[in-house]
Protein chains: 2
Amino acid sequence: MVSRNDNASRTKKRRSNAIAQERKAPDRRKQVTEAAARSFATFGYKGTTMDQVAKLAKVGKGTIYTFYANKEELFNEIMTGLIRDLREVAEETLDPSLPFADNLMNVLHRVLDYRDRHALAVKLSQEVRDIGTPEAKEGLETVERAIIGYIARHVKEAADKGEIRPCPPELTAYMMLKMYLALTAEGNHLHEPLGRDEVLRHFRVYCIEGLAVR
Amino acid sequence: MVSRNDNASRTKKRRSNAIAQERKAPDRRKQVTEAAARSFATFGYKGTTMDQVAKLAKVGKGTIYTFYANKEELFNEIMTGLIRDLREVAEETLDPSLPFADNLMNVLHRVLDYRDRHALAVKLSQEVRDIGTPEAKEGLETVERAIIGYIARHVKEAADKGEIRPCPPELTAYMMLKMYLALTAEGNHLHEPLGRDEVLRHFRVYCIEGLAVR
DNA sequence: CGATTGACCAAATTGTTATTTTGGTCAGTC
DNA sequence: GACTGACCAAAATAACAATTTGGTCAATCG
């Protein structure tokens with residue numbers, strides 16, 4: 001449990017002037033983090049060994065532990081990065097002058113393009129399904145909560161502005177995520193995998209406009 | 001695989017005039033089937049042993065095999081019964097003179113009351129989640145397909161009549177089922193378990209009316 | 001005589017022990 | 001002092017023994 005690396009992950013010191021990072025001086029931390037991201041996305045949490053990460057990062061195993069106290073912390077960093085990336089995509093797509101529904105569709109549109117970004121989530125879902133790795137499960141739930149929280153804030157805002165009907169924001173965000181997953185999940189033999197445009201079109205109908213004729 | 005019981009499940013012969021079933025003459029088949037239904041709902045597929053069923057049914061183990069060739073066939077009968085019951089509830093609730101949306105809500109209303117009828121499905125879902133019993137998984141998928149097929153027929157009909165927007169019936173039915181499960185699934189710590197009325201109210205919004213203001 | 005039963009058996013499951021793999025450390029190298 | 005990889009305890013896996021379970025059928029019963 002305890003180790004000399006209690007504060008390892010918060011290593012801020014990057015001495016040797018930050019600007020002259022130009023050539024050489026391989027950034028160990030980046031190597032490790034990227035190798036880990038690739039490995040987790042390819043082999044899942046269990047399937048990723050620290051030796052594996054070290055080899056992929058072309059780094060001695062001990063080096064990993066100068067940045068991350070243990071495997072779980074390394075995994076957390078990767079998952080946090082996923083959340084950060086998603087939020088970033090959303091943030092730079094959102095246009096406050098547009099209606100909620102348009103923003104929703106635009107963000108969806110962009111997120112759907114990051115198939116590789118999904119690779120991690122897909123692999124982890126499969127891992128949870130097949131062997132139920134607790135760490136993978138918890139990681140995914142953290143991402144879900146983050147996404148739901150993010151959507152919920154915007155739903156509440158839109159509801160307050162009268163752009164959409166009044167509705168419980170959290171539950172609505174939850175339903176949106178579920179619909180998104182139902183439409184995109186390929187591990188489902190109940191319906192064919194849908195193309196990006198179909199996903200968008202159907203999401204609009206089921207979520208925004210409703211089935212009722214008007 | 002093969003056995004003397006190839007046609008066991010299709011035992012139709014119930015000699016000794018069918019009417020005088022009044023007293024005595026314990027109906028072995030019924031005993032077995034009901035005991036199995038109770039056992040599967042309580043202990044799941046794996047947790048149910050043939051000895052257990054025999055004891056519950058107060059019947060020798062061999063007797064079970066005069067009606068069902070094996071455990072899987074017995075399980076199938078139970079699952080088929082569940083589908084039949086659900087369809088029956090729907091059928092006797094449906095009123096052709098009412099709009100699609102009203103019928104949908106009415107059926108939902110009635111189905112939500114059969115908590116005990118859900119017990120089997122709930123137990124099997126849990127079993128699939130926890131230990132992934134393939135038979136349980138397949139059984140649930142059969143039920144899902146039946147429900148989706150049933151809903152899809154009515155969706156298509158309603159769409160043809162112009163009662164709802166045009167939409168792919170199968171996919172729409174699939175989404176409806178997913179929404180229902182998302183709203184009712186209690187194994188979900190992402191949101192509180194909803195009461196019957198809340199489920200109904202939200203289902204109407206998310207599925208029929210949509211979030212858009214009109 | 002056909003319906004019913006429970007001891008019986010092969011196969012699958014579970015419990016147990018031996019072997020290997022893996023997360024994490026740290027003395028030594030560069 | 002950043003970095004490494006042989007090293008170790010603990011966890012995972014494989015190999016094997018003991019138990020349980022699905023399914024059978026000769027014997028029994030009504």
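What you see is a predicted model, and the numbers here were worked out from it, not measured in a lab. Below, read A as the first sequence line, B as the second, and so on, with proteins coming before strands; counting in each chain starts at 1.
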Going by number, which of residues 128-136 of chain A have a non-hydrogen atom under 4.0 Å from DNA chain D?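 Hits under 4.0 Å, by residue number: none.
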According to side chain to side chain donor-acceptor pair (under 3.5 Å), who are the partners of B:S39, at least two apart in sequence or on a separate chain?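 B:S39: side chain to side chain donor-acceptor pair (under 3.5 Å) contacts with B:T48.
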Side-chain polar contacts of residues 191-201 of chain B - donor-acceptor pairs under 3.5 angstrom, sequence neighbours left out - could you list them?
residue	atom	partner	partner atom	Å
B:H191	NE2	B:A182	O	3.1
B:R196	NH1	B:D113	OD1	3.2
B:E198	OE1	B:G195	N	2.8

Which residue pairs satisfy the ring-ring contact (aromatic ring centres under 6.0 Å, His included) criterion with at least one member in residues 112-138 of chain B, sequence neighbours excluded?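 Every pair satisfying ring-ring contact (aromatic ring centres under 6.0 Å, His included) with a residue in residues 112-138 of chain B: there are none.
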What residue pairs, at least two apart or across chains, pass ring-ring contact (aromatic ring centres under 6.0 Å, His included) with a residue in residues 35-62 of chain A?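 Residue pairs passing ring-ring contact (aromatic ring centres under 6.0 Å, His included), neighbours aside: A:F40-A:Y45, A:F40-A:F75, A:Y45-A:F75.
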Qualifying salt bridge (charged side-chain N to carboxylate O under 4.0 Å, His left out) pairs, either residue in residues 138-153 of chain B, two or more places apart: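 Listed once each, the pairs would be none.
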Salt bridge (charged side-chain N to carboxylate O under 4.0 Å, His left out): which pairs involve residues 119-135 of chain A, sequence neighbours left out?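 Salt bridge (charged side-chain N to carboxylate O under 4.0 Å, His left out) check on residues 119-135 of chain A returns no pairs.
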For the pair made of [atom1] in [X] and [atom2] in [N], what is the distance, rounded to whole Å?
X     : N      : atom1 : atom2 : result
A:I64 : D:dG5  : CD1   : C1'   : 12 Å
A:K58 : D:dT4  : NZ    : P     : 13 Å
B:D27 : C:dT4  : CG    : C1'   : 14 Å
A:M50 : D:dT4  : CE    : P     : 14 Å
A:Q52 : D:dG5  : CD    : C1'   : 17 Å
A:N70 : D:dA10 : CG    : C1'   : 15 Å
A:D51 : D:dG5  : CG    : P     : 11 Å
A:Y68 : D:dC3  : OH    : P     : 14 Å

So which protein N/O to nucleotides 6-13 of chain C N/O distances come out below 3.5 Å?
residue	atom	partner	partner atom	Å
C:dG6	O6	B:G62	N	3.3
C:dT13	O3'	B:K46	NZ	3.4

Taking only N and O in the side chain of A:R28, is any of them less than 4.0 Å away from OP1 or OP2 of D:dA2?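 No, A:R28 has no side-chain N/O under 4.0 Å of OP1/OP2 on D:dA2.
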Under 4.5 Å between any side-chain heavy atoms of B:Y68 and B:N76, yes or no?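 No, side chains not in contact.
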May I ask you to decide if A:A136's main-chain N or O and A:T133's side chain share a donor-acceptor pair within less than 3.5 Å?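 Not a single qualifying donor-acceptor pair exists.
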Selection residues 81-94 of chain A - residue pairs positive for side-chain hydrogen bond (donor to acceptor under 3.5 Å, both in side chains), sequence neighbours left out: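 Residue pairs passing side-chain hydrogen bond (donor to acceptor under 3.5 Å, both in side chains), neighbours aside: A:D85-A:R117, A:E91-A:Y150, A:E92-A:R110, A:T93-A:R110.
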